[in-house]
Amino acid sequence: MGLSKLISLSVTLAFLAVGTGNLPWVLKQVRKAQFELIQESKATNWPKAIRM
């Protein structure tokens, strides 16, 4: 999927969320997903290197 298609899909979903009144819920879900992604990418979750 090209970047332009991804952008147009995002814009369409944003307009649908605004039109149906679900924008606060959508924003909350995005923030939760961002937080989870940050937590999963922290170095403390990486496997430990083997010490010789």
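Starting from 1, each residue takes its place in the sequence as its number.
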What side-chain donor-acceptor pairs closer than 3.5 Å can you find for residues 11-21, not counting sequence neighbours?
residue: Thr12; atom: OG1; partner: Ser8; partner atom: O; Å: 2.8
residue: Thr20; atom: OG1; partner: Leu16; partner atom: O; Å: 2.8
residue: Thr20; atom: OG1; partner: Ala17; partner atom: O; Å: 3.4
residue: Thr20; atom: OG1; partner: Asn22; partner atom: ND2; Å: 3.2

If you look only at distance, which donor and acceptor atoms sit under 3.5 Å apart when one is on a side chain in residues 26-35 and the other is two or more places apart or in another chain?
none

Point to revise | Linked hydrophobic residues, Leu37 as query - side chain contacts closer than 4.5 Å | key: none

